[in-house]
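Accompanying notes for the structure given below.
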Amino acid sequence: MPELPEVETIRRFLEKAIVGEKIVGIEILSKKQFPQEPKLVIGAKIAGIERRGKNLFINLSNSKTLWTHLKMSGQLIWVPATGSKKRPGHPIPFAGSELPAKSTRVIITLQKGKLFFNEMRKFGWMKVLDSAKVQAETGKLGPEPFSSVFTAEYLEEVFRKTAKPVKLVLLDQEKIAGIGNIYANEALFEAGIDPRRPAKEITPEEIEKLRKAVILVLNEGIRYGGSSAADEAYIKPDATKGNYQEHFRVYQRDGEKCHKCGKIIERINLAGRGTFFCPKCQT
DNA sequence: AGTATCCTGGAA
DNA sequence: TTCCAGGATACT
């Protein structure tokens, strides 16, 4: 599922690829994924691409913002026009298949290519809102992990108030923005903390270790272009895979040996989420 | 604060 | 054929 590093990878790609491009058409194949009027965005230019947590904001020249959340299986694929005279609707080859794919929900046509919004599970969406309202709409999101607000003091304050398992607090977007299941598991391993421990019982030393681990694994994820694990839908906008799955410490490694101590990685269910950890390294 | 819900492909 | 993951939100 696209988490902060995956969305940031997409953001950086699109920033280079489509900023300055004008939206000349939009094809909505699933109204649920784009419930508004196409005319709200047609004719506008892409002014910039921003990210907040797992949310992507495509800012337009008409003071509107195209707000996208990819949820679990959303993809944004950029296909530059080749110049060849293909008939409209002609399928475009991509990643061993073709576009539009069965999961394609929206096709945004720009001057120099097409942006495909694919979303297998139909949970993800695109919505148009006034750019000035973005801040208010995302006000409930917690701090960005890379911002100066994400301090040990802040985390201590959050953790002190709840007996929830520490992993659930990491996943709570109102506490920290952008962490999903992969990076929560990885950060807890890196910090040597058992994901089931009540947040309020995590010591200040461990909290600082965890804060650093969160930043470390998110940076790793970005460096490797995100993770495209076996059952993950995530791919980069050029339809190539990220590589972070090759560097997982625990995620989806249950039954395999811990790289640090050799014990077998375990999988448990925590609040309905697959949770992976080393029983020896994480206490 | 805990639970159902959305949705689909793939696993069991 | 049934079951289930999985993020965020709407409920209870």
Side-chain angles (χ1 to χ4, degrees), chain A residues 1-8 10 28-35 51-57 67-76 95-98 100-106 116-127 129 134 136-145 158-188 195-196 198-200 214 218 221 226-235 242 244-245 248 250-255 266-277:
Chain A
M1 64 278 2
E3 305 179 23
L4 188 153
E6 287 74 27
V7 179
E8 178 62 19
I10 292 169
I28 298 164
L29 306 177
S30 170
K31 213 157 163 104
K32 194 186 172 212
Q33 269 55 59
F34 195 114
R51 179 194 59 74
R52 180 83 170 83
K54 304 171 191 173
N55 299 270
L56 191 74
F57 300 96
W67 177 11
T68 302
H69 198 302
L70 299 169
K71 293 292 177 90
M72 260 90 70
S73 56
Q75 305 173 327
L76 285 172
S97 184
E98 55 187 30
K102 199 160 75 176
S103 62
T104 299
R105 311 302 178 194
V106 181
F116 290 84
F117 175 38
N118 298 342
E119 168 46 322
M120 184 75 75
R121 288 190 181 78
K122 291 190 171 180
F123 286 178
W125 42 255
M126 288 180 151
K127 59 176 101 171
L129 79 168
V134 169
E137 290 283 327
T138 56
K140 289 178 89 175
L141 284 175
E144 285 291 315
V158 169
F159 280 20
R160 193 181 335 129
K161 287 183 209 160
T162 179
K164 275 190 197 166
V166 57
K167 186 189 171 211
L168 299 192
V169 181
L170 289 182
L171 290 172
D172 186 341
Q173 301 302 299
E174 294 185 17
K175 305 296 187 291
I176 313 161
I179 302 176
N181 206 25
I182 294 173
Y183 296 91
N185 280 297
E186 294 295 302
L188 285 164
R196 297 166 290 191
K200 58 163 67 167
V214 163
L218 292 175
S227 44
S228 303
D231 60 343
E232 310 289 336
Y234 167 77
I235 47 179
Y244 193 49
Q245 66 280 5
F248 286 162
V250 289
Y251 188 72
Q252 290 183 340
R253 292 195 64 245
D254 47 316
E266 289 182 17
R267 177 189 172 131
I268 57 167
N269 192 310
L270 200 56
R273 305 277 162 73
T275 300
F276 306 84
F277 65 103

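Naming: A, B, ... by sequence-line order, numbering from 1 per chain. Keep in mind it's a predicted model, so treat the numbers as computed, not measured.
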**Item:** Considering all heavy atoms, the nearest A/Pro195-A/Pro165 contact
**Value:** O-CB, 3.6 Å
**Prompt:** How many Å lie between CZ on A/Arg267 and C1' on C/dG6, as a whole number?
**Reply:** 11 Å
**Rounded interatomic separation in angstrom, taking CD from A/Glu174 and C1' from C/dG7** = 13 Å
**Request:** Among A/Tyr183, A/Tyr244, A/Tyr234, find the residue that satisfies the side chain to side chain donor-acceptor pair (under 3.5 Å) test when tested with A/Glu6.
**Result:** A/Tyr183
**Request:** Check whether any side-chain N or O of A/Asn269 sits under 4.0 Å from OP1 or OP2 of C/dC4, and answer yes or no.
**Result:** no
**Asked** A/Gly274 near the nucleic acid: base, sugar-phosphate alone, or nothing, with a heavy-atom cut-off under 4.0 Å?
**Response** sugar-phosphate
**Request:** Take the protein atom CG of A/Leu270 and the nucleotide atom P of B/dT3, then report the distance between them rounded to whole Å.
**Result:** 13 Å
**Fill in**
In A/Thr104, A/Asn118, A/Leu70, A/Ile10, the residue satisfying side-chain contact (heavy atoms from CB on, under 4.5 Å) with A/Gln75 is A/Asn118
**Whole angstrom value for the distance that separates P of C/dG6 from CZ of A/Phe276** = 7 Å
**Asked** Counting distance only, does the side-chain N/O of A/Thr68 pair as donor-acceptor with the main-chain N or O of A/Met126 below 3.5 Å?
**Response** no
**Item:** Step-by-step side-chain contact (heavy atoms from CB on, under 4.5 Å) determination, A/Glu186 to A/Val250
**Value:** CA-CA 6 Å; A/Glu186 294 295 302; A/Val250 289; 3.5 Å; yes
**Asked** Sub-3.5 Å donor-acceptor pair from the side chain of A/Glu8 to the main-chain atoms of A/Gly53, do we have one?
**Response** no
**Message:** Expressed as a whole number of angstroms, how long is the span from A/Asp254:CG to C/dA5:C1'?
**Reply:** 14 Å
**Message:** OP1 or OP2 of C/dG6 versus the side-chain N and O atoms of A/Tyr251: is any pair under 4.0 Å?
**Reply:** yes
**Message:** Strictly below 4.0 Å: does A/Lys71 bring a side-chain N or O up to OP1 or OP2 of C/dT9?
**Reply:** no
**Prompt:** For the residue pair A/Met72 and A/Arg121, what are the closest heavy atoms and their distance?
**Reply:** CB-NH1, 4.2 Å
**Message:** Within the 4.0 Å limit for protein heavy atoms, which parts of nucleotides 6-12 of chain B are touched? Write it as a string from 5' to 3', B for base, S for sugar-phosphate only, - for none.
**Reply:** BBBS---
**Asked** Can you tell me how far P of C/dA8 sits from CG of A/Asn55, to the nearest Å?
**Response** 8 Å
**Item:** Residue-level proximity of residues 159-169 of chain A to DNA chain C when a heavy atom falls under 4.0 Å
**Value:** none
**Message:** Tell me the interatomic distance from A/His69, atom NE2, to C/dT9, atom C1', rounded to whole angstroms.
**Reply:** 11 Å
**Request:** Classify the nucleic acid contact of A/Asp172 as base, sugar-phosphate or nothing, counting any heavy atom under 4.0 Å across all strands shown.
**Result:** nothing
**Item:** Interatomic distance, A/Ile179 CD1 vs C/dG6 C1' [rounded to whole Å]
**Value:** 17 Å
**Request:** With the side chain counted from C-beta on, respond yes when A/Trp125 and A/Lys32 share a heavy-atom pair under 4.5 Å apart, and no when they do not.
**Result:** no
**salt_bridge(A/Glu119, A/Arg105) N-O dist < 4.0 Å** = no
